[in-house]
Enquirer: 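Once you've had a glance at the structure underneath, I'll fire off some questions.
Chain naming here is simple, since letters A, B, ... match the order of the sequence lines and numbering starts at 1 in each.
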Protein chains: 2
Amino acid sequence: MRRADNDVMLKTNQFKSMNPSTTKKPAEKRTQQDPQLSMQVVNHIRRLVENGKLKPGDKLPPERELAQKLKISRASLRSGIGYLAATGVLKVRHGVGAFIADGPPAFAITSFNLIGALHGFQSWQMFETRLILECQLVALAAERSKQEHQMALAEEVAELFAALDRPTDFLVHDMNFHRILAQASGNPVLAAIMETLTVAFYKERSKTIEHAKDMREAAAMHRLIFKAVCARDAEKARTLMERHLSASMEAQSAEKQKRRTSSSR
Amino acid sequence: MRRADNDVMLKTNQFKSMNPSTTKKPAEKRTQQDPQLSMQVVNHIRRLVENGKLKPGDKLPPERELAQKLKISRASLRSGIGYLAATGVLKVRHGVGAFIADGPPAFAITSFNLIGALHGFQSWQMFETRLILECQLVALAAERSKQEHQMALAEEVAELFAALDRPTDFLVHDMNFHRILAQASGNPVLAAIMETLTVAFYKERSKTIEHAKDMREAAAMHRLIFKAVCARDAEKARTLMERHLSASMEAQSAEKQKRRTSSSR
DNA sequence: GTTTCATAGTGGTCTGACCACATTATACAT
DNA sequence: ATGTATAATGTGGTCAGACCACTATGAAAC
């Protein structure tokens with residue numbers, strides 16, 4: 001059965017044939033049955049997190065010790081640890097230990113790129129998604145941002161202007177600005193999604209940032225957005241953000257175009 | 001407690017640096033240095049995917065064989081496999097094999113719940129995010145949906161009405177409707193994000209669906225949205241979706257409230 | 001004080017065996 | 001011949017123990 005890349009296949013999933021009748025297994029659900037041992041680890045950590053016994057930044061016990069406590073082999077434990085690390089819940093440092101992630105929440109970016117490659121995400125689709133999310137985000141930020149957020153934004157705008165001749169630093173503060181905006185929206189779910197997208201974007205951007213030449217205009221734009229947010233003018237902020245992102249994308253694609261035509265071998 | 005620690009830990013690796021040649025490491029030139037062996041696996045798969053040699057639904061070679069080909073141990077290979085499976089790129093079936101994920105693209109939902117628990121995602125935040133995304137989505141679908149999508153939507157609406165007295169089936173078709181809508185938007189990035197959210201939502205919903213009361217109204221609402229999409233009336237579709245989701249959430253929270261007060265578990 | 005180096009603690013990898021699950025082939029009974 | 005039980009096979013999952021590699025710490029040397 002050849003599976004074409006047609007985007008019409010809408011029936012790939014079927015959940016209907018889950019007949020609850022023919023199960024012959026008693027399968028007492030007293031002690032939760034975990035088919036996968038690694039999931040047992042995940043659930044254990046999840047419980048600790050939900051109970052507040054593990055907070056962002058905390059360190060997990062050593063693998064050998066934890067494995068013994070859970071009565072599983074170290075290999076299985078590591079499988080579970082790997083799962084949590086892959087999804088960004090855990091951060092493992094070789095020779096040091098495993099820690100609960102603490103930074104801004106985000107979903108694994110590696111998987112984002114991979115899934116993107118798998119399903120052929122186009123760059124205009126990425127951009128459209130970012131445009132939608134970020135415009136909503138800045139509107140929410142205008143309505144809900146607290147003073148601390150506004151101060152942090154001001155700081156980043158200043159850094160932006162100060163780094164006009166250091167593209168790499170400029171990019172960092174650019175990213176920070178948008179990140180703070182996401183936090184200021186007061187919706188961590190949206191912020192986490194945005195963070196995932198943002199990281200993917202800036203990773204790509206960092207390859208060509210050295211040749212950017214519209215940074216002054218971009219910095220000015222950030223300042224305007226900042227002022228709109230402080231003025232709690234959601235609609236203005238949204239409009240400005242839309243213009244900013246559009247201009248940014250155009251400049252970027254122009255760069256890419258130029259570099260491709262000039263340095264053709 | 002630690003009988004193993006009584007044994008002598010044979011330390012023979014310390015003397016290997018007595019090499020008089022140089023104090024610096026030879027720095028063997030691998031094609032590319034992969035600090036983590038598991039990432040080497042990930043990159044290998046990524047290359048195959050990007051080259052089109054692996055498509056959704058394809059089966060990976062057996063672990064033992066693949067490990068030998070990559071010249072790594074099976075344990076390390078499994079670490080990489082686990083990473084890919086955790087992020088939803090791979091789907092591993094015990095006793096069968098590992099397959100490239102094929103269904104609608106989505107990011108690992110387990111991690112979503114975990115990250116949510118970690119950072120305290122509130123249900124209103126989840127809902128707000130869904131509202132924003134789905135309203136944009138339905139507007140895009142109204143503009144871009146192809147005939148196949150509209151036919152599939154019609155099918156699901158019909159199933160919805162046909163399943164008014166079978167809540168579980170109703171829920172399945174409800175989810176399918178929204179999923180098709182996401183595909184009809186023509187933006188797989190948005191669709192993937194939406195899918196992740198949707199799965200989390202319906203997972204929660206399935207616990208209380210048996211006691212739903214407003215299914216007839218919900219079905220009618222789906223039909224109206226469907227008609228708006230077919231009429232390419234983006235604004236109307238957006239407005240209807242907003243009302244639908246708001247009503248749905250209210251009904252759901254009312255259900256939850258009632259169940260909590262009536263039965264004390 | 002600074003540098004160097006040995007050590008301990010921890011995650012990362014390897015090996016080989018065995019277990020559990022799913023599919024297929026075979027044997028048997030009907 | 002057909003259908004069902006049983007065995008064989010292929011595959012992922014788990015285990016055990018050893019060893020490798022990285023990091024941080026503190027003691028010793030300068």
Enquirer: OP1, OP2 of D:dG13 versus side-chain N and O of A:Ser79: anything below 4.0 Å?
Expert: no
Enquirer: Can you tell me if the side-chain N/O atoms of A:Ser38 get under 4.0 Å from OP1 or OP2 in D:dG13?
Expert: no
Enquirer: Could you give the CG-to-C1' distance, from A:Leu37 to D:dA16, as a whole number of Å?
Expert: 14 Å
Enquirer: Are any side-chain N or O atoms of A:His173 and backbone N or O atoms of A:Phe170, one a donor and one an acceptor, separated by less than 3.5 Å?
Expert: no
Enquirer: Can you measure A:Leu66 atom CG to C:dT10 atom C1' for me and round it to whole angstrom units?
Expert: 13 Å
Enquirer: Going from CD on B:Glu156 to CG on B:Leu181, what distance comes out if it is rounded to the nearest 0.5 angstrom?
Expert: 11.5 Å
Enquirer: How close or far is atom P of D:dG13 from atom CD of A:Gln40, stated in whole angstroms?
Expert: 16 Å
Enquirer: For the helix from C:dG1-D:dC30 to C:dT30-D:dA1, what is the angle between the axes at its two ends, each from 5 pairs, rounded to 10°?
Expert: 10°
Enquirer: Check if the side chain of A:Arg64 and the base of D:dG17 share a donor-acceptor pair of N or O atoms closer than 3.5 Å.
Expert: no
Enquirer: Among C:dC14, D:dT14, C:dG12, which nucleotide has an atom closest to any side-chain atom of A:Glu63?
Expert: C:dG12
Enquirer: For A:His178 and A:Asp174, does a side-chain donor sit closer than 3.5 Å to a side-chain acceptor?
Expert: yes
Enquirer: Less than 3.5 Å between a donor and an acceptor, one on the side chain of A:Arg93 and one on the base of C:dG12, is that the case here?
Expert: no
Enquirer: Would you kindly give the CD-to-P distance between B:Glu65 and D:dG12, to the nearest whole Å?
Expert: 10 Å
Enquirer: Starting from C1' on D:dC15, measure out to CD on A:Gln68 and report it in whole angstrom.
Expert: 15 Å
Enquirer: Write down the distance between CG (B:Leu90) and P (D:dG13), rounded to a whole number of angstrom.
Expert: 11 Å
Enquirer: Only counting residues at least two apart or in another chain, list the ones meeting ring-ring contact (aromatic ring centres under 6.0 Å, His included) with A:Phe112.
Expert: B:Phe107
Enquirer: Of A:Ser73 and B:Pro62, whose closest DNA chain D nucleotide lies nearer the 5' terminus?
Expert: B:Pro62
Enquirer: Would you mind telling me which residue lines up with the more 5' stretch of DNA chain D, A:Leu77 or A:Arg74, judged by nearest nucleotide?
Expert: A:Leu77
Enquirer: With sequence neighbours excluded, tell me which residues meet salt bridge (Lys or Arg N to Asp or Glu O under 4.0 Å) with B:Glu204.
Expert: B:Lys207
Enquirer: Look at the side chain of B:His94 and decide which nucleotide, out of C:dA22, C:dG12, C:dC21, has an atom nearest to it.
Expert: C:dC21
Enquirer: Is the phosphate of D:dG13 approached by B:Arg78 (side-chain N or O, under 4.0 Å from OP1 or OP2)?
Expert: yes
Enquirer: Rounded off to whole Å, could you give me the CD-to-C1' distance for the B:Gln36 and C:dT13 pair?
Expert: 11 Å
Enquirer: Taking A:Asp169 for the side chain and A:Ala163 for the main chain, is one N or O donor matched with an acceptor at less than 3.5 Å?
Expert: no
Enquirer: Counting heavy atoms not belonging to A:Lys69, are there more than 12 under 6.0 Å from its NZ?
Expert: no
Enquirer: Could you tell me the separation between the NZ atom of B:Lys59 and the P atom of C:dT23, rounded to a whole number of Å?
Expert: 12 Å
